[in-house]
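In the text below, chain A, chain B and the rest are named by the order of the sequence lines, each starting its count at 1.
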Protein chains: 2
Amino acid sequence: METYTISVLTKKFDVSPRTIRYYEQLGMITPHRTETGQRIYGKKEMTRLVLIFRGKKFGFKLDEIKEMVQLFDQDPSGTKQLERTIRYGEEKVKEVTEKIEELIEMRREMEEMLQQFREKLRNQKEE
Amino acid sequence: METYTISVLTKKFDVSPRTIRYYEQLGMITPHRTETGQRIYGKKEMTRLVLIFRGKKFGFKLDEIKEMVQLFDQDPSGTKQLERTIRYGEEKVKEVTEKIEELIEMRREMEEMLQQFREKLRNQKEE
DNA sequence: TTTACCATTTACGCTAACGTCAAGTTCAAT
DNA sequence: ATTGAACTTGACGTTAGCGTAAATGGTAAA
């Protein structure tokens with residue numbers, strides 16, 4: 001079984017140890033410990049961290065990310081729990097879809113302006 | 001010519017006056033004033049604010065947004081300036097494109113997990 | 001065993017992006 | 001003319017997300 005120390009993670013994700021411990025403090029990850037108290041991170045923690053940093057990249061707040069991570073990671077068993085999870089997940093998918101659409105619109109507008117600048121540049125060069 | 005007071009903007013964008021004034025303090029908008037000192041916001045400020053709030057939605061920091069807004073709004077005249085603006089703009093478009101692609105990948109993964117949960121739910125209901 | 005590094009907890013510090021008074025001015029309606 | 005809402009400028013307060021320093025303990029190689 002693959003395990004990592006905290007220093008390995010700081011290199012893998014290019015963040016400080018403080019950052020990793022802070023996420024633990026918020027209850028987003030729960031690494032095991034050696035007898036002497038050193039943190040050991042397994043595969044589960046790794047996948048969580050990947051989700052966390054991806055979430056951060058898109059401007060989600062840490063407590064939003066915490067919700068999402070817990071949701072997609074705790075493997076709900078009860079029927080009620082399953083249904084709740086699915087509903088929540090569908091909403092999150094919808095939110096992401098909206099973000100995507102707005103970003104596409106944003107890009108369209110940016111390209112329009114760029115096009116105008118390009119034409120202006122052509123006109124200037126002709127004279 | 002359409003103009004607005006600050007209270008109209010707070011309703012339009014659903015933020016506090018403090019927020020609007022803070023953006024002015026950072027030099028992101030520069031509303032005109034009446035003789036008594038009241039701020040008046042015109043069309044130009046409106047479009048800037050739209051850009052600002054859109055940027056915020058995607059997790060850009062205010063000073064990043066400031067750069068982008070100034071860029072696409074100052075209508076550069078010199079040939080050198082134009083070329084610089086176009087290059088910068090193309091880079092921003094590229095960044096946005098990457099964000100879009102990653103978000104799409106994220107959504108794909110979310111839907112995969114959801115699909116697994118749905119199947120699990122079906123299996124539970126059959127028993 | 002010493003050197004050098006990696007780990008731990010505790011705790012105070014810092015910046016961004018506002019919130020929240022306070023104290024005064026102006027506007028709009030009665 | 002008065003009243004109340006909306007505006008103004010300070011200035012201090014707050015929260016998230018870490019940074020950083022201090023004091024201490026474990027570990028691996030020479």
Side-chain angles (χ1 to χ4, degrees), chain A residues 1-42 44-46 48-70 95 99, chain B residues 1-42 44-46 48-70 95 99:
Chain A
M1 186 174 154
E2 301 176 56
T3 61
Y4 310 87
T5 75
I6 201 167
S7 62
V8 177
L9 295 192
T10 62
K11 281 160 199 161
K12 250 191 203 302
F13 294 108
D14 194 32
V15 295
S16 73
R18 174 71 230 258
T19 301
I20 310 272
R21 295 197 193 102
Y22 181 63
Y23 294 161
E24 177 181 350
Q25 190 179 318
L26 295 187
M28 305 176 79
I29 46 180
T30 50
H32 298 141
R33 302 286 186 131
T34 66
E35 294 186 356
T36 61
Q38 260 201 45
R39 275 165 255 249
I40 353 174
Y41 301 86
K44 185 174 174 183
E45 268 60 44
M46 287 296 284
R48 279 199 181 210
L49 283 170
V50 170
L51 290 178
I52 290 170
F53 289 118
R54 184 150 59 192
K56 284 213 58 187
K57 228 184 152 178
F58 302 119
F60 292 104
K61 287 174 193 165
L62 286 184
D63 51 357
E64 294 181 285
I65 298 175
K66 184 181 173 183
E67 261 190 311
M68 296 172 68
V69 167
Q70 285 180 334
E95 280 178 37
K99 271 203 176 187
Chain B
M1 183 174 156
E2 301 175 56
T3 61
Y4 310 86
T5 76
I6 201 167
S7 63
V8 177
L9 295 192
T10 62
K11 281 160 200 161
K12 251 191 203 303
F13 294 108
D14 194 32
V15 294
S16 74
R18 175 69 230 258
T19 300
I20 310 273
R21 295 196 195 102
Y22 181 64
Y23 294 160
E24 177 181 350
Q25 189 179 319
L26 295 187
M28 305 177 77
I29 47 179
T30 49
H32 298 142
R33 302 287 186 127
T34 66
E35 295 186 354
T36 61
Q38 256 200 49
R39 274 166 256 249
I40 353 175
Y41 300 85
K44 184 174 174 183
E45 268 60 44
M46 286 297 283
R48 279 200 182 209
L49 283 171
V50 169
L51 289 178
I52 290 170
F53 289 117
R54 184 150 59 193
K56 282 214 60 187
K57 232 185 148 177
F58 301 118
F60 292 105
K61 286 176 195 165
L62 288 184
D63 52 357
E64 294 180 285
I65 298 176
K66 185 180 174 184
E67 258 190 313
M68 296 171 68
V69 167
Q70 285 178 335
E95 280 177 36
K99 270 203 176 189

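Following rounding to the nearest Å, R21(A) (CZ) and dT8(C) (C1') show an atom-to-atom distance of 7 Å. Distance, R33(B) CZ to dA6(D) C1': 15 Å, rounded to whole Å. To the nearest angstrom, P of dT8(D) lies 11 Å from CD1 of I20(B). Rounded to whole Å, the distance from CD on E35(A) to P on dA7(C) is 18 Å. For the pair F13(A) CZ and dC18(D) P, the computed distance is 14 Å after rounding to whole Å. Atoms CG (L9(A)) and P (dC6(C)) sit 14 Å apart, rounded to a whole Å. Per the geometry, NE2 belonging to H32(A) stands 18 Å off P belonging to dA7(C), to the nearest Å. Between the CD1 atom of I40(A) and the P atom of dG26(D) there is a distance of 16 Å, rounded to whole Å.
Using a 3.5 Å distance cut-off with no hydrogens or angles, the side chains of S7(A) and T10(A) do not pair a donor with an acceptor.
Within the structure, the ring-ring contact (aromatic ring centres under 6.0 Å, His included) test picks out the following pairs touching residues 3-31 of chain B (sequence neighbours left out): F13(B)-F53(B), Y23(B)-F53(B).
Checked by atom type and distance alone, the side chain of K99(B) pairs as donor or acceptor with a backbone atom of F58(B) at under 3.5 Å.
The pair R33(A)-E24(A) meets the salt-bridge criterion, since a charged nitrogen lies less than 4.0 angstrom from a carboxylate oxygen.
Looking at K56(A) and L62(A), their side chains come closer than 4.5 Å, going by heavy atoms from C-beta outward. Taking 4.5 Å as the limit, every side-chain heavy atom of K66(B) sits out of range of all side-chain heavy atoms of I52(B).
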Reading 5' to 3' through nucleotides 14-30 of chain C, protein heavy-atom contacts under 4.0 Å coded B for base, S for sugar-phosphate only, - for none: ---BBBB-----SS---
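For S7(B), no side-chain nitrogen or oxygen approaches OP1 or OP2 of dA5(D) to under 4.0 Å.
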